[in-house]
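Presented below is the structure to which this report refers.
Keep in mind that the numbers below use all heavy atoms, side chains included, and drop hydrogens, waters and symmetry copies. Counting starts at 1 for both ligands and their atoms, in listed order. Along the sequence shown, the residues carry numbers beginning at 1. Just so it is clear, the model here is predicted, and its values are computed rather than measured.
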Amino acid sequence: MSPVPVEPPVTETAEPFWEATRARRLLLQWCTDCERPVFYPREVCPVCHGSALEWRPASGLGTVYAVTVEHHPQHPAMAEIAPYPVALVDLHEGVRMLTRIVGSADPEVGMAVSVTWEALTDGRNLPLFEPAKEI
Ligand code: ZN
């Protein structure tokens, strides 16, 4: 049995993001003033300071920008699965997410990845990334 993962809190701003994960759908905020994606979820666009933000589906596809292997996580539940790769993933939409990589013990910078999901205890799912499947 896998350990209970660390459950991220739901803020009011990020609630649509987390609700979508119940259906394993990855959403990103977009600023409709400057047409840029926004991540993490915010009230105001970090580029143009506009507040016209809307949620749109994301491709779930990205590329590993940087990666490290976590050997000694502080959280006990995470210590059970250590060591595990932690990466910055650039989504094709143009935002960077800090995430865990599964399905590869030794992912490399530049590797193509796609979103996968880990169930949380409350029905939400945590987006993780795995090596992209060949099409
Ligand atoms: Zn903007």
Side-chain angles (χ1 to χ4, degrees):
M1 199 180 129
S2 63
V4 175
V6 178
E7 311 257 327
V10 178
T11 62
E12 194 178 325
T13 306
E15 195 176 356
F17 176 88
W18 288 113
E19 283 304 306
T21 71
R22 295 179 186 277
R24 301 192 162 205
R25 293 173 61 232
L26 186 65
L27 297 186
L28 280 180
Q29 268 184 320
W30 283 78
C31 173
T32 61
D33 287 335
C34 69
E35 275 302 313
R36 285 188 175 89
V38 175
F39 185 82
Y40 54 95
R42 293 172 235 222
E43 295 290 333
V44 170
C45 171
V47 177
C48 75
H49 307 292
S51 57
L53 300 175
E54 68 176 21
W55 291 93
R56 299 180 192 171
S59 66
L61 301 174
T63 305
V64 173
Y65 171 80
V67 63
T68 185
V69 174
E70 179 66 86
H71 288 279
H72 304 288
Q74 296 199 345
H75 195 284
M78 300 308 290
E80 284 188 43
I81 63 169
Y84 55 85
V86 174
L88 290 169
V89 168
D90 285 341
L91 295 189
H92 286 184
E93 286 80 6
V95 296
R96 190 165 284 168
M97 294 179 76
L98 179 64
T99 183
R100 224 162 77 221
I101 304 287
V102 295
S104 171
D106 190 22
E108 295 179 354
V109 169
M111 189 174 79
V113 290
S114 59
V115 72
T116 183
W117 300 94
E118 182 173 84
L120 300 177
T121 58
D122 62 359
R124 292 181 294 149
N125 291 284
L126 185 66
L128 303 175
F129 284 81
E130 63 184 2
K133 293 172 182 70
E134 300 293 331
I135 299 170

For this session: Begin from the C-alpha positions of Thr121 and Glu7 and carry the test side-chain hydrogen bond (donor to acceptor under 3.5 Å, both in side chains) through to its verdict.
Result: CA-CA 8 Å; Thr121 58; Glu7 311 257 327; 3.2 Å; yes

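- The closest donor-acceptor contact from the side chain of Thr13 to the backbone of Pro41 lies at 3.5 Å or more, if one exists at all.
- Within the protein, the N, O or S atoms lying under 2.8 Å from the Zn ion (ligand 1) are Cys31 SG, Cys34 SG, Cys45 SG, Cys48 SG.
- Counting Ile, Leu, Val, Met, Phe, Trp and Tyr side chains that sit under 4.5 Å apart, directly or through other members, Val44 stands alone, with no cluster partners.
- Side chain of Glu130 to main chain of Ser114: no donor-acceptor pair is present (N/O by atom type, distance under 3.5 Å, no hydrogens or angles).
- Side-chain atoms of Thr21 do not come within 3.5 Å of backbone N or O of Arg24 as any donor-acceptor pair.
- Here the side chain of Gln29 pairs no donor or acceptor atom with the backbone of Pro37 at under 3.5 angstrom.
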